[in-house]
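Note that the structure is predicted; figures quoted are calculated from it, not measured. So that the names make sense, note that chain A is the first sequence line, chain B the second, and so on, each numbered from 1.
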Number of protein chains: 2
Amino acid sequence: MSRSSSTKKITRIQREKMQIILDAALDIFSKHGFRGSTIDMIAEKASLSKPNILYYFDSKDEIHEMLLSNLLETWLEPLKKISPKGEPITEICCYVERKLEMARDYPKESRLFANEILQGAPRILHALNGPLKKLTDEKTSIINTWISDGKINSVDPYHLIFSIWAITQHYADFDVQILAVIEKKNAQNRFDDANKFLKELFTRLLEPTIKLKEPLW
Amino acid sequence: MSRSSSTKKITRIQREKMQIILDAALDIFSKHGFRGSTIDMIAEKASLSKPNILYYFDSKDEIHEMLLSNLLETWLEPLKKISPKGEPITEICCYVERKLEMARDYPKESRLFANEILQGAPRILHALNGPLKKLTDEKTSIINTWISDGKINSVDPYHLIFSIWAITQHYADFDVQILAVIEKKNAQNRFDDANKFLKELFTRLLEPTIKLKEPLW
DNA sequence: GTCTATACATTGATAGAC
DNA sequence: GTCTATCAATGTATAGAC
């Protein structure tokens, strides 16, 4: 019976080894998907032998499972922070900024998630139908209140959130395409430039405007 | 020597069989990525035997290669149509609409592309650095002209295009997540709703506004 | 705990009967 | 053209020495 099946306490050393394996596995799974990854690839990345990997985890599946469950918690975190008490446009723009920071700082996690969704979310569909839907419904409800109160323009709150998810994920998942297209000298600042652009994009969408029948000039 | 290596003319029947194989392969590759897909899966999907697949194509790699090269042409098509002579905001919104239609009508192609990019674009990096970069530079140039002429607001044209790519791809690639979040009764209209939302999003971003030091009221 | 050796299943591709 | 049989390589997982 391997370490991972035991419920006895795990030493610091063991935890560190498991973390090394998980780091390597994240690297591989995020790039090749579950089926496209092999324990050999993970072992080489972690500088360990294949049986040694399987000493700490019962199976390839178990490693993947653990990565996904770790991910889901952190992935919902930014959305949770949207508060009905804050200034609406600030709340939305801060959410965009937090998501963009996650794309910048945790691109592998982003790609792991993207791979899972692309495959039809076989392992996390329950989490999408449960916690994610529940949380999203709460936040669209807040946005709808802001709209009713005339604090922001009337927009479809679901598609607003989808567009935020889409764009921020894109900067992690499609990074290679972005780097291929923009000039090298601008590559360093791509996340700052993106943040500036997105702040303007969503501010202009949401800030209440007076509809004029005739232009001013 | 198999059929696919021959340069002799290919009969209608043969072309049809190859198309059946390509359709099945698109289904599999788009979901599992290249390494995650097997010829057996493709064979079952196509209702053919494995050796029969390999009669028409020399290898698994060749099938994948053909799908990707078919894809690249059609994938750049909508961007090409942006014209410097049109009305700027109309041109951008039509581009968004065309891309959204492709996400709706060719979701598998979208996912095939997403899988390739997620893996670091090993097979199409040259196309990203070449044709895609060239075309994108042309179009950002047009957008910059519109900005100089005061026809639209000043925005970063690259990030404008990235955001369009991101959102429209999202409706294909992350469809399972979208369906998990929105109500069933709204699922049918999700592409129409998205189009309406995006039209407003980009119109508000781009339409020239008078910057007032003081509000009007 | 870590390694070598190996069992067993899957997979890409070929040979050869029909 | 299509099938059955099969091979070589790869991949998951285990056994057992150290």
Side-chain angles (χ1 to χ4, degrees), chain A residues 1-25 27-29 31-67 115 119 122-123, chain B residues 1-29 31-68 115 119 122-123:
Chain A
M1 184 78 55
S2 81
R3 188 82 250 130
S4 56
S5 312
S6 167
T7 50
K8 301 284 180 188
K9 65 181 174 186
I10 295 166
T11 69
R12 185 180 56 81
I13 300 281
Q14 284 163 349
R15 208 189 320 278
E16 280 173 11
K17 267 280 168 62
M18 290 175 84
Q19 195 52 53
I20 288 171
I21 294 169
L22 286 173
D23 287 344
D27 213 282
I28 302 299
F29 282 134
K31 202 164 187 175
H32 303 284
F34 180 74
R35 283 189 50 93
S37 303
T38 70
I39 302 180
D40 271 319
M41 292 177 182
I42 298 169
E44 194 188 8
K45 195 84 189 176
S47 300
L48 293 168
S49 69
K50 183 159 54 169
N52 204 354
I53 302 272
L54 291 165
Y55 170 76
Y56 288 99
F57 293 92
D58 281 341
S59 66
K60 174 185 170 183
D61 224 285
E62 193 181 276
I63 304 173
H64 191 251
E65 205 83 35
M66 186 158 293
L67 285 173
N115 260 305
Q119 286 156 37
R123 296 167 184 83
Chain B
M1 185 78 52
S2 82
R3 189 80 250 132
S4 55
S5 311
S6 168
T7 50
K8 301 285 179 188
K9 64 181 175 185
I10 295 168
T11 69
R12 186 181 56 82
I13 300 281
Q14 284 163 350
R15 210 190 318 278
E16 281 174 9
K17 268 281 168 62
M18 290 175 84
Q19 195 53 54
I20 288 170
I21 294 169
L22 288 172
D23 287 345
L26 176 60
D27 213 281
I28 302 299
F29 282 134
K31 202 162 188 176
H32 300 102
F34 180 74
R35 282 189 50 92
S37 303
T38 71
I39 303 180
D40 271 319
M41 291 177 184
I42 298 170
E44 194 189 7
K45 195 86 191 174
S47 300
L48 293 169
S49 68
K50 182 160 58 168
N52 203 353
I53 301 273
L54 290 165
Y55 170 77
Y56 288 99
F57 293 92
D58 281 341
S59 65
K60 174 184 170 182
D61 225 285
E62 193 181 276
I63 304 173
H64 191 252
E65 207 83 35
M66 184 157 295
L67 285 174
L68 273 185
N115 260 305
Q119 286 157 36
R123 296 168 185 84

Chi angles and distances behind the side chain to side chain contact (heavy atoms under 4.5 Å, CB included) call for B:Ile28, B:Thr38 | CA-CA 8 Å; B:Ile28 302 299; B:Thr38 71; over 6 Å; no
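- Rounded to whole angstrom, the span from the CD1 atom of B:Ile28 across to the P atom of C:dG12 amounts to 12 Å.
- A donor-acceptor distance shorter than 3.5 angstrom exists from the side chain of A:Gln14 to the backbone of A:Thr11, with no hydrogens or angles considered.
- Between the A:Lys60 side chain and the A:Ser37 main chain, a donor and an acceptor come within less than 3.5 Å of each other.
- If you take CD1 of A:Ile53 and P of D:dT14, they are 15 Å apart, rounded to a whole angstrom.
- A:Arg15 places its CZ atom 12 Å from the P atom of C:dG1, with the value rounded to the nearest Å.
- At least one side-chain heavy atom of A:Lys17 sits under 4.5 Å from a side-chain heavy atom of A:Leu48.
- Relative to the ring axis of A:Tyr56, A:Arg15 does not place its NZ or CZ within 45° and under 6.0 Å from the centre.
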Heavy-atom protein contacts under 4.0 Å, nucleotides 2-13 of chain D, coded B base, S sugar-phosphate only, - none = BBBB-----SBB
